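A short worksheet on the structure shown next.
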Amino acid sequence: MAKGYNSRGFGPMGGMGGGMNMNMMKQVQKMQQDMAKMQEELAAKTYTATVGGGVVSAEVNGQHQVVSVTIDPEAVDPEDVEMLQDMVVSAVNEAMRAAETDAANSMKSITGGLGF
């Protein structure tokens with residue numbers, strides 16, 4: 001058997017050609033760099049959702065942290081605190097979904113839909 005070749009006769013060290021592996025490694029490295037850049041960009045973004053006709057709004061960042069909640073004073077009804085609580089939860093959840101959707105779309109654009 002020739003030195004550096006495996007029993008199947010494929011290239012050195014059993015690979016199917018060093019160039020193919022180097023191209024793949026370069027693509028993976030570029031994808032990692034693109035993903036790191038995308039994560040930085042997403043972390044800097046904010047997403048806002050408004051519910052109840054504008055009486056409650058929530059803002060989250062790309063790291064899925066609540067940045068602010070704004071409540072119109074007219075929405076504060078001591079007799080119906082439960083509705084206000086529901087609107088706050090709804091606004092926060094809607095803003096989180098917007099952040100997740102943006103992150104998923106950004107990831108898909110980098111990975112080409114490979115499902116990472």
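Note that the structure is predicted; figures quoted are calculated from it, not measured.
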- prompt: Closest approach of Gly52 and Met87, non-hydrogen atoms and distance?
  reply: CA-SD, 3.8 Å
message: Check whether Asn61 reaches the backbone of His64 with its side chain - one donor and one acceptor, N or O, closer than 3.5 Å.
response: yes
query: Distance from Glu59 atom CD to Thr50 atom OG1, nearest 0.5 Å?
result: 10.0 Å
query: If you look at every heavy atom in Ser109 and Ser106, which pair is closest and at what distance?
result: OG-O, 2.7 Å
query: Heavy-atom distance under 4.5 Å between the side chains of Gln27 and Met31, does that happen here?
result: no
- line: CG of Asp102 to CZ of Arg97, rounded to nearest 0.5 Å, is 15.0 Å
Inter-residue atom distance Met24.CE - Lys26.NZ, 0.5 Å rounding: 13.5 Å
message: So, taking the atom named CE in Met107 and the one named CD in Gln39, what distance separates them when rounded to the nearest 0.5 Å?
response: 6.0 Å
task: Go through the steps for Val67 and Val60 under the test side-chain contact (heavy atoms from CB on, under 4.5 Å), then give the verdict.
output: CA-CA 5 Å; Val67 176; Val60 301; 5.5 Å; no
- prompt: Can you check side-chain contact (heavy atoms from CB on, under 4.5 Å) on Val76 and Ile71, steps first, answer last?
  reply: CA-CA 8 Å; Val76 181; Ile71 301 171; 4.2 Å; yes
message: Contact between Met35 and Gln32 at the side-chain level, heavy atoms closer than 4.5 Å - yes or no?
response: no
query: Below 4.5 Å, heavy atoms only, C-beta onward: do Met96 and Val66 meet side chain to side chain?
result: yes
task: Report yes if some heavy atom in the side chain of Met83 is under 4.5 Å from a heavy atom in the side chain of Asp77; otherwise report no.
output: no
message: A side-chain contact here means heavy atoms from C-beta on lying under 4.5 Å apart; do Val56 and Thr70 qualify?
response: no
query: With a 4.5 Å heavy-atom cut-off, do Leu42 and Tyr47 have their side chains touching?
result: yes
task: Compare every heavy atom of Ala95 with every heavy atom of Ala49, then report the nearest pair and how far apart it is.
output: CB-N, 3.5 Å
message: Do Val89 and Gln85 have side chains that approach each other closer than 4.5 Å (heavy atoms only, starting at C-beta)?
response: no
message: How long is the straight-line distance from CD of Glu94 back to OG1 of Thr48, given to the nearest 0.5 Å?
response: 10.5 Å
message: Could you check whether any side-chain heavy atom of Met38 comes within less than 4.5 Å of a side-chain heavy atom of Asp34, counting everything from C-beta outward?
response: no
